Amino acid sequence: MVIHMKSVKGFMSGLLCAALTAGMLTGCGGPEVETGSSAGENGRVESETGSGTESESQAGEDGTENTGGSTENSGAGQEGGGDQKDTSSGEEGTIQIPEVVIEPFDIPEGEALQFVHDMKIGWNLGNTFDATNDSFTGDELELESSWCGIKTTAEMIQDIKEAGFHSLRLPVSWHNHVDEDWQISEAWLNRVQEVVDYAYDNGMYVILNIHHDNNEEFLYPDSAHLEQSVSYVTTIWEQLCQRFQEYDEHLIFECMNEPRLVGSQYEWWLNPGAEECKDAVTCINEINQAFVNTVRESGGNNGNRYLMVPGYCASPDGVLNSGFVLPEDAEGVENRLILSVHAYTPYNFALQAEGESGSTSKFDSDSAGSVRDINSFMDQLYNKYISNGIPVVIGEFGSRDKSGNLQDRVDHAAYYIAAAKARGITCVWWDNNAFSGNGENFGIYYRRQGKFLYPDILNALMKYAD
């Protein structure tokens with residue numbers, strides 16, 4: 001189940017909009033190995049997706065719920081971020097962290113929104129426990145390092161905490177570690193718990209999920225596989241609920257990662273007029289509801305634990321389309337559900353590969369064209385959910401390195417976090433420990449050396465994270 005992004009020219013044209021621009025997903029990415037000192041693609045397998053070739057004038061157009069133009073509200077600043085940048089070293093020619101000025105939106109009072117605020121900013125332990133290999137026959141614990149090149153240590157997570165990240169998202173794929181009855185192996189579950197504890201015992205928030213299990217044998221959001229999908233998801237979560245039931249609210253359960261019709265023409269975008277998409281949205285609603293029911297019935301602290309639920313593809317459109325329904329929580333449990341959204345936005349800068357039509361390595365926090373798509377999808381999330389007291393976490397975002405475009409990535413990191421925080425959204429950077437070669441190089445923390453190779457990006461993130 002190695003899934004990667006690849007442009008398909010001519011496959012989709014004007015219909016590709018926020019589902020691609022705001023929601024294309026690298027957390028579904030393939031086995032990027034640790035490449036801090038050496039390049040390497042490691043035989044990545046690429047799957048096709050939409051064209052992603054929107055020009056800047058097309059960016060933000062939407063074929064679903066009018067997710068294109070920015071929504072006016074609260075008098076918040078919409079165009080650009082500011083008009084000057086501070087240089088950390090004060091030396092000419094050094095990387096500058098922009099001064100982003102966005103008027104804060106009106107954030108309703110409430111425990112759930114305060115909880116998400118307290119999560120501050122997060123970091124994904126990507127391409128690690130989410131690694132899969134359906135032909136692998138060795139020690140299952142070796143899969144942890146099969147994509148990222150190194151096993152996780154307590155010292156690594158301590159580095160992440162000390163850098164200022166308050167939250168750790170722990171993506172985990174389970175299907176390579178279950179028997180025919182979907183019972184998780186004790187060795188794998190013990191190792192996952194060990195790494196959960198690295199962060200949890202440091203006072204961090206931890207997001208634990210079901211990750212690369214989206215295929216027709218396990219989890220697949222269509223009516224033909226709905227009964228099986230509900231059974232798989234609930235069976236996995238029954239076991240996780242039992243194992244972690246005494247952990248307090250610092251442990252957050254996320255139902256599933258980027259549920260979608262893998263292998264179909266709609267895998268990476270949501271067409272609200274297509275019957276397949278309507279069916280998928282309905283099935284995702286049912287799976288999310290089964291997840292919530294399972295957790296609430298499992299006892300311990302799970303009865304009141306915060307839970308994250310995605311829409312189709314975990315894209316903004318997945319929760320903005322009219323078919324998506326937030327699950328009903330258990331009687332007496334209020335405001336304990338968080339929307340899970342992924343958004344590598346603007347797509348042509350943040351995620352699209354260099355050399356593809358429409359790709360750009362440029363981002364300027366002072367440019368209305370650069371920030372338009374970010375403002376657009378965040379405005380819509382604010383208007384539909386946050387303004388009504390429903391919290392949102394962007395569980396994956398970032399920008400891939402494009403031939404050393406560090407200043408542009410710093411501008412993007414600063415503006416993205418500032419824009420999200422102004423609207424009451426907490427974000428989690430996708431880090432796959434990849435730094436060189438031609439793949440999706442989202443790494444900022446080089447695990448083997450225990451150091452941040454891009455301290456300027458880190459500083460930009462932290463400057464606006466509070």
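Everything numeric in this text was worked out from a predicted model, so none of it was measured.
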Aromatic rings [X] and [Y]: how do their planes relate, parallel, tilted or perpendicular, breaks at 30° and 60°?
X    : Y    : value
F442 : Y344 : perpendicular
F218 : H175 : tilted
W430 : H211 : parallel
F377 : Y416 : tilted
F253 : F244 : perpendicular

Note, [X] side chain near [Y] side chain (heavy atom, < 4.5 Å):
X    : Y    : value
I210 : C255 : no
L381 : R423 : no
I386 : I107 : yes

Practice prompt. For K362 and S367, test the side chains for any donor-to-acceptor distance below 3.5 angstrom and give the result as yes or no.
Written response: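 Result is no, nothing qualifies.
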
Discussion item. Looking at R169 and E396, is there a salt bridge between them, counting it only when a charged N and a carboxylate O are closer than 4.0 Å?
Written reply: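 Salt bridge between E396 and R169, a charged N being under 4.0 Å from a carboxylate O: yes.
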
Measuring from [X]:[atom1] to [Y]:[atom2], what's the distance to the nearest 0.5 Å?
X    : Y    : atom1 : atom2 : result
D379 : K384 : CG    : NZ    : 15.0 Å
N257 : S173 : CG    : OG    : 8.0 Å
Y464 : Y415 : OH    : OH    : 11.0 Å
N271 : E276 : CG    : CD    : 8.5 Å
M256 : I287 : CE    : CD1   : 4.5 Å
L307 : L337 : CG    : CG    : 6.0 Å

Worksheet item: Of all heavy-atom pairs between T426 and M119, which one has the smallest distance, and what is that distance?
Response: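 Heavy atoms only, the tightest pair is CG2-CB, 4.0 Å.
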
Around atom [atom1] of [X], are there more than 12 heavy atoms from other residues, nucleotides or ligands closer than 6.0 Å?
X    : atom1 : value
E217 : CD    : no
K161 : NZ    : yes
K451 : NZ    : no

Practice prompt. Among F115, Y306, W123, F165, find the residue that satisfies the ring-ring contact (aromatic ring centres under 6.0 Å, His included) test when tested with Y205.
Written response: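 When F115, Y306, W123, F165 are each tested with Y205, the ring-ring contact (aromatic ring centres under 6.0 Å, His included) holds only for F115.
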
